[in-house]
Amino acid sequence: MEHLNYGAVGNCRTAALISDKGSIDWFCFPDFDSPSVFGKLLDEKKGGNMSFIVGNDYRISQRYLEHTNILSTLFEATEGAFEVIDFMPRYKLLDYDYYLPPELYRLIRLKRGTPRFRVNYNPALNYARGEVGHKTGPEYVKTYAKANERDTIYLYSGIPYDVIFNQQEVLLQRDEFLLVSYNQKLIPIDMNRVNLEFQRTRLYWMNWTNRSKKYTAFNEQIERSMLVLKLMSYQRSGAVLAALTTSLPESIGEVRNWDYRFCWLRDASMSIETLVKVGHRGAAERFIAFITGILYSKYDRFQIMYGIRGERVLTEYDLPHLAGYKNSKPVRVGNDAYHQMQNDSFGYLMDVIYQYYLYFPGTLDEIEDMFEVVKNIVRTVMEDWRKPDKGIWEIRGDEKHFVLSKVMCWVALDRAEKIAVMLQKGGYADKWRCEAELIKTDVFMQGWKEEIQSFSQTYCNTELDSSLLLMEVYGFIDATDLRYKQTVDAIYRKLMYKGLMFRYNNVDDFGIPSSAFTICTFWMVRALYVTGRQAEALTLFETLLSYSNHLGLFSEDLDFDTKSQLGNFPQAYSHLALINTAMLFGEEKRLSKFIRP
């Protein structure tokens, strides 16, 4: 079983992927969606990386420091041992002000003996689109793109720079450090400063996890997934990324390679809903601010996705000079799905807005602003729910009447009606309730197919789709309803393969999908649980957890045969589903309301 054996470190501005051998193979500067400066993940030869070269006798192990997004890689041999602690500074300065510079520290700690290593520092700026040069000064080495000398990064270290660039052997006799920074530092960088940044960052993450709810079962997996979701939130806007990478293929050698470094309303809404469940309302408040900020006027329409700063145009293009992950081309930047119609998106978003009103409404002007957003979404849903769309899986071919899209339009109106009742706006509530009932009647009439004894993927076919399992999750149908139970049974028979779930297994724009979509197996765990098959659900859940990588992280997809991870990584979808599913099997550990951390 081969995995994406990477750990992720970041500070809610950008993030890096570091292999189980301690190599930085993916790092975008200065933000999540910026061009890569280390991109070996997408081209072994050209992409660039930063690593430690050690003898064959060294054993290498990796873990996260407990309760943090700080990564530790331990190199051990008879002659000695050293630990590399990777982190990006993040900590609070004032109540709502955070320090999150675009920089990554590699703290090298001597553990015992006199270990030896060489440093491989090989940045490849701007997606490795050209050659780089290096200028060495007394305090740092500046690396620049020869095609544009304004494109620079800085390396700081206590190790002599000629030793680093000549890959000379380092005989470690004391703690050392490496710092890769987007900016020239205006303060001296020495071990005292490095240790200060480390301790402040560690304290931040430990405080954050301490404020999280704790559970009687699978608490460790829930906590790690919470930390992953937090890592993928963009502090400056409140947007939540779908994943940290671009173009990791859903299947090796195929072309289902997409850029996921953007904010899908669907994925972000689900992530925020999950973070609220585990006790983190701050992320939800920032996301709500992001939602209100991306509408410039009352007549603006929502897109299905945005850039992390609210950008509307996400032009997609290829990077043909990169070989791709395991030679899987193309490598794409941008995502052409931004102008698709996906009617299901509004249901997830409205569900989060409903929780905003329920649990943490703001001031009167903020509540009024948000109600304008509610009315905007409702208008769009009432205009569009009868129309075909691209669906949850972003089909790039013809639009169809996807059953889940209709269901989530019902969710949007159902939650909007509840909001109107809370605000004592009976006229709106009555109107929206009537339209929601029309949608529900339509789905039961056209979405249920007697010949297969199940709801179907679309109104016009009899194929099955794992997304239909969400009908119960969002309250459209009860788990005890015979039609839902029959749908679960039908999907299990048709789409469960070698212990994992297809999204669907009918032909789409690129043929028949050949990998398992991780979130769908989590959905099936819940469906089994709520329909009375709890023991079977638990077995499936525990088996699925065993397919994570060595740090408990999941990508988007899994190979049916090898159980190797595929697709963009780490994937918010997968981790939010892990949290929600794990909660089925345990209870919250409740503290007295008088106890504060």
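In this text the structure is predicted, and so the values were computed from the model without any measurement.
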Undergrad: Considering all heavy atoms of both residues, which atom of Y58 and which atom of G80 are nearest to each other, and what is their separation?
TA: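 Heavy atoms of Y58 and G80 come nearest at CE2-O, 4.0 Å.
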Undergrad: Looking at side-chain heavy atoms only, is the closest gap between L17 and P570 below 4.5 Å?
TA: yes
Undergrad: Do the side chains of R13 and D31 get close enough for a salt bridge, i.e. N-O under 4.0 angstrom?
TA: yes
Undergrad: Do Y6 and D25 come within less than 4.5 Å of each other through their side chains, counting heavy atoms only?
TA: yes
Undergrad: Before we go on, tell me: are the rings of W208 and H67 under 6.0 Å apart, centre to centre?
TA: no
Undergrad: Any chance you could measure I291, atom CD1, to D369, atom CG, to the nearest 0.5 Å?
TA: 13.5 Å
Undergrad: Atom CD of residue position E220 - does it have more than 12 heavy atoms of other residues, nucleotides or ligands inside 6.0 Å?
TA: no
Undergrad: Quick one: does any side-chain atom of T216 pair with a main-chain N or O of E587 as donor and acceptor, under 3.5 Å?
TA: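 Yes; at least one donor-acceptor contact below 3.5 Å.
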Undergrad: Answer whether the closest heavy-atom distance between the side chains of L155 and L179 falls below 4.5 Å.
TA: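 No, every pair of side-chain atoms sits at 4.5 Å or beyond.
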Undergrad: Does CD1 in I187 sit with more than 12 non-hydrogen atoms of other residues, nucleotides or ligands closer than 6.0 Å?
TA: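 Yes - once you tally the heavy atoms of other residues, nucleotides and ligands closer than 6.0 Å, there are more than 12.
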Undergrad: Just verifying a value: how many Å separate I377 CD1 and S345 OG, rounded to the nearest 0.5 Å?
TA: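 Separation between the atoms: 10.5 Å.
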Undergrad: Taking salt bridge (charged side-chain N to carboxylate O under 4.0 Å, His left out) as the cut-off, I'd like each qualifying pair that reaches into residues 101-111, sequence neighbours left out, listed once.
TA: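 Non-adjacent pairs meeting salt bridge (charged side-chain N to carboxylate O under 4.0 Å, His left out): E83-K111, D86-R106, E103-K185.
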Undergrad: Cation-pi check, R118 to F52: give yes when NZ or CZ is under 6.0 Å from the six-membered ring centre and within 45° of the ring axis, no otherwise.
TA: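 Judged by the rule, R118 and F52 form no cation-pi pair.
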Undergrad: Nearest 0.5 angstrom please: Y338 OH to M305 CE, how far?
TA: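 It is 10.0 Å, given to the nearest 0.5 Å.
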Undergrad: Yes or no on side chain to side chain donor-acceptor pair (under 3.5 Å) for T209 and E223, after CA distance, side-chain angles and deciding distance?
TA: CA-CA 7 Å; T209 53; E223 181 181 282; 4.6 Å; no
Undergrad: Over 60° means perpendicular and under 30° means parallel, so classify the ring planes of F82 and F117, tilted if in between.
TA: tilted
Undergrad: Could you state the interatomic distance from CG (N207) to OH (Y91), rounded to the nearest 0.5 Å?
TA: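 OH of Y91 is found 14.5 Å from CG of N207.
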Undergrad: Indicate whether any N or O donor in one side chain lies under 3.5 Å from an N or O acceptor in the other, for N126 and D151.
TA: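 Distance-only check fails for N126 and D151.
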Undergrad: Is the shortest side-chain N to carboxylate O distance from R202 to E66 below 4.0 Å?
TA: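 No, R202 and E66 are not salt-bridged.
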Undergrad: Can you tell me how far the CG atom of N148 sits from the CG atom of L125, to the nearest 0.5 Å?
TA: 9.5 Å
Undergrad: Evaluate the side-chain proximity of F75 to T73: yes if any heavy-atom separation is below 4.5 Å, no if none is.
TA: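 Yes, side chains in contact.
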Undergrad: State whether the side chain of E372 and the backbone N or O of M370 hold a donor-acceptor pair below 3.5 Å, judged by distance alone.
TA: no
Undergrad: Are L553 and F569 side-chain neighbours, meaning at least one heavy-atom pair lies under 4.5 Å?
TA: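 Side chain of L553 against side chain of F569, heavy atoms only: contact under 4.5 Å found.
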Undergrad: Where the side chain of S548 meets the backbone of L545, is there a donor-acceptor pair that is under 3.5 Å apart?
TA: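 Present.
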Undergrad: Looking at the rings of F290 and Y234, which for Trp means the six-membered one, are their centres under 6.0 Å apart?
TA: no
Undergrad: Using a strict 4.0 Å threshold on nitrogen-to-oxygen distance, state whether E197 and R193 make a salt bridge.
TA: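 R193 and E197: salt-bridged.
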Undergrad: Tell me the closest heavy-atom pair linking V54 and I60, and the distance in Å.
TA: CG2-CD1, 4.4 Å
Undergrad: So, do P123 and I153 sit near enough that their side-chain heavy atoms are less than 4.5 Å apart?
TA: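 Yes; the side chains approach each other to less than 4.5 Å.
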Undergrad: Closest approach of G567 and L4, non-hydrogen atoms and distance?
TA: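 So the two residues come closest at O-CD1, 3.7 Å.
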Undergrad: Where is the tightest heavy-atom contact between L172 and L110, given as atom of each residue plus distance?
TA: O-CD1, 3.8 Å
Undergrad: Which salt bridge (charged side-chain N to carboxylate O under 4.0 Å, His left out) pairs, counting each pair once, include a residue from residues 274-287, with sequence neighbours left out?
TA: none
Undergrad: Check whether Y144 forms a cation-pi arrangement with K135 (NZ or CZ under 6.0 Å from the six-membered ring centre, at most 45° off the ring normal).
TA: yes
Undergrad: Do N580 and T274 have side-chain N/O donor and acceptor atoms under 3.5 Å apart?
TA: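 Judged by distance alone, the side chains do pair up.
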Undergrad: Have E394 and W264 got a donor and an acceptor in their side chains that come within less than 3.5 Å?
TA: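 There is such a pair (donor and acceptor under 3.5 Å, judged by atom type) between the side chains of E394 and W264.
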Undergrad: Checking the side chain of S233 only, and the main-chain atoms of V240 only, is there a donor and an acceptor separated by less than 3.5 Å?
TA: no
Undergrad: Please walk me through it: do L178 and I164 pass side-chain contact (heavy atoms from CB on, under 4.5 Å)?
TA: CA-CA 10 Å; L178 297 158; I164 294 173; 3.8 Å; yes
Undergrad: Under a plain distance cut-off of 3.5 Å, with no hydrogens placed, do T245 and N568 share a side-chain donor-acceptor pair?
TA: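 The criterion, which ignores hydrogens and geometry beyond distance, is satisfied for T245 and N568.
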Undergrad: Assign the ring pair F29 / F27 to parallel, tilted or perpendicular, where the plane angle (0 to 90°) is split at 30° and 60°.
TA: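 The arrangement is tilted - the two ring planes meet at 30° to 60°.
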Undergrad: Looking at I294, is its backbone amide N or carbonyl O close enough to the side chain of Y306 to form a donor-acceptor pair, meaning the two atoms are under 3.5 Å apart?
TA: no
Undergrad: Counting only heavy atoms not in Q184 (residues, nucleotides, ligands), do more than 12 fall under 6.0 Å from its CD?
TA: yes
Undergrad: When you compare the side chain of L319 with that of L42, does any pair of heavy atoms fall below 4.5 Å?
TA: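 No, every pair of side-chain atoms sits at 4.5 Å or beyond.
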Undergrad: Decide yes or no on side-chain contact (heavy atoms from CB on, under 4.5 Å) for Y99 and K92, but give the supporting numbers first.
TA: CA-CA 6 Å; Y99 182 67; K92 188 175 287 190; over 6 Å; no
Undergrad: State whether the side chain of S555 and the backbone N or O of Q565 hold a donor-acceptor pair below 3.5 Å, judged by distance alone.
TA: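 The answer is no, because no donor-acceptor pair under 3.5 Å joins these two groups.
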Undergrad: Looking at the rings of F541 and F585, which for Trp means the six-membered one, are their centres under 6.0 Å apart?
TA: yes
Undergrad: Say whether R90 and Q235, considering side chains only, have a donor N or O and an acceptor N or O under 3.5 Å apart.
TA: yes
Undergrad: Can you list everything that forms a side chain to side chain donor-acceptor pair (under 3.5 Å) with E176? Sequence neighbours excluded, please.
TA: R174
Undergrad: Once rounded to the nearest 0.5 Å, what's the spacing between atom CG of D557 and atom CD of Q571?
TA: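 These two atoms lie 7.5 Å from each other.
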Undergrad: Does the ring centre of F554 sit less than 6.0 Å away from the ring centre of Y547?
TA: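 No, they do not, as the ring centres are separated by 6.0 Å or more.
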Undergrad: Tell me whether R415 is salt-bridged to D351, with the criterion being a basic N under 4.0 Å from an acidic carboxylate O.
TA: yes
Undergrad: Quick one: closest heavy-atom pair of A217 and G586, and the distance?
TA: CB-CA, 3.9 Å
Undergrad: Looking at every non-hydrogen atom in both residues, tell me the closest pair between R332 and N257 and how far apart they are.
TA: NH1-O, 2.6 Å
Undergrad: Without swapping roles, check the side chain of Q62 against the backbone of L74 for a donor-acceptor pair under 3.5 Å.
TA: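 Not a single qualifying donor-acceptor pair exists.
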Undergrad: Counting distance only, does the side-chain N/O of Y356 pair as donor-acceptor with the main-chain N or O of G362 below 3.5 Å?
TA: yes
Undergrad: Verify, without hydrogens or angle tests, whether S23 (side chain) and S19 (backbone) share a donor-acceptor contact under 3.5 angstrom.
TA: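 Between the backbone of S19 and the side chain of S23 there is no qualifying donor-acceptor contact (under 3.5 Å).
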Undergrad: Would you sort out whether V278 and R211 count as a side-chain contact (heavy atoms from CB on, under 4.5 Å), showing the intermediate values?
TA: CA-CA 9 Å; V278 296; R211 293 193 301 271; over 6 Å; no
Undergrad: Which of these, N195, I189, T201, sits in a side chain to side chain contact (heavy atoms under 4.5 Å, CB included) with Y105?
TA: I189
Undergrad: If the plane angle is over 60° it's perpendicular, under 30° parallel, otherwise tilted; pick one for H134 and Y121.
TA: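 The rings of H134 and Y121 sit tilted, inter-plane angle from 30° to 60°.
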Undergrad: Taking the side chain as every heavy atom from C-beta outward, state whether F87 and F198 have any atom pair closer than 4.5 Å.
TA: yes
Undergrad: Among side-chain atoms of Y348 and E273, is any donor-acceptor pair under 3.5 angstrom?
TA: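 Side chains of Y348 and E273: no pair found under 3.5 Å.
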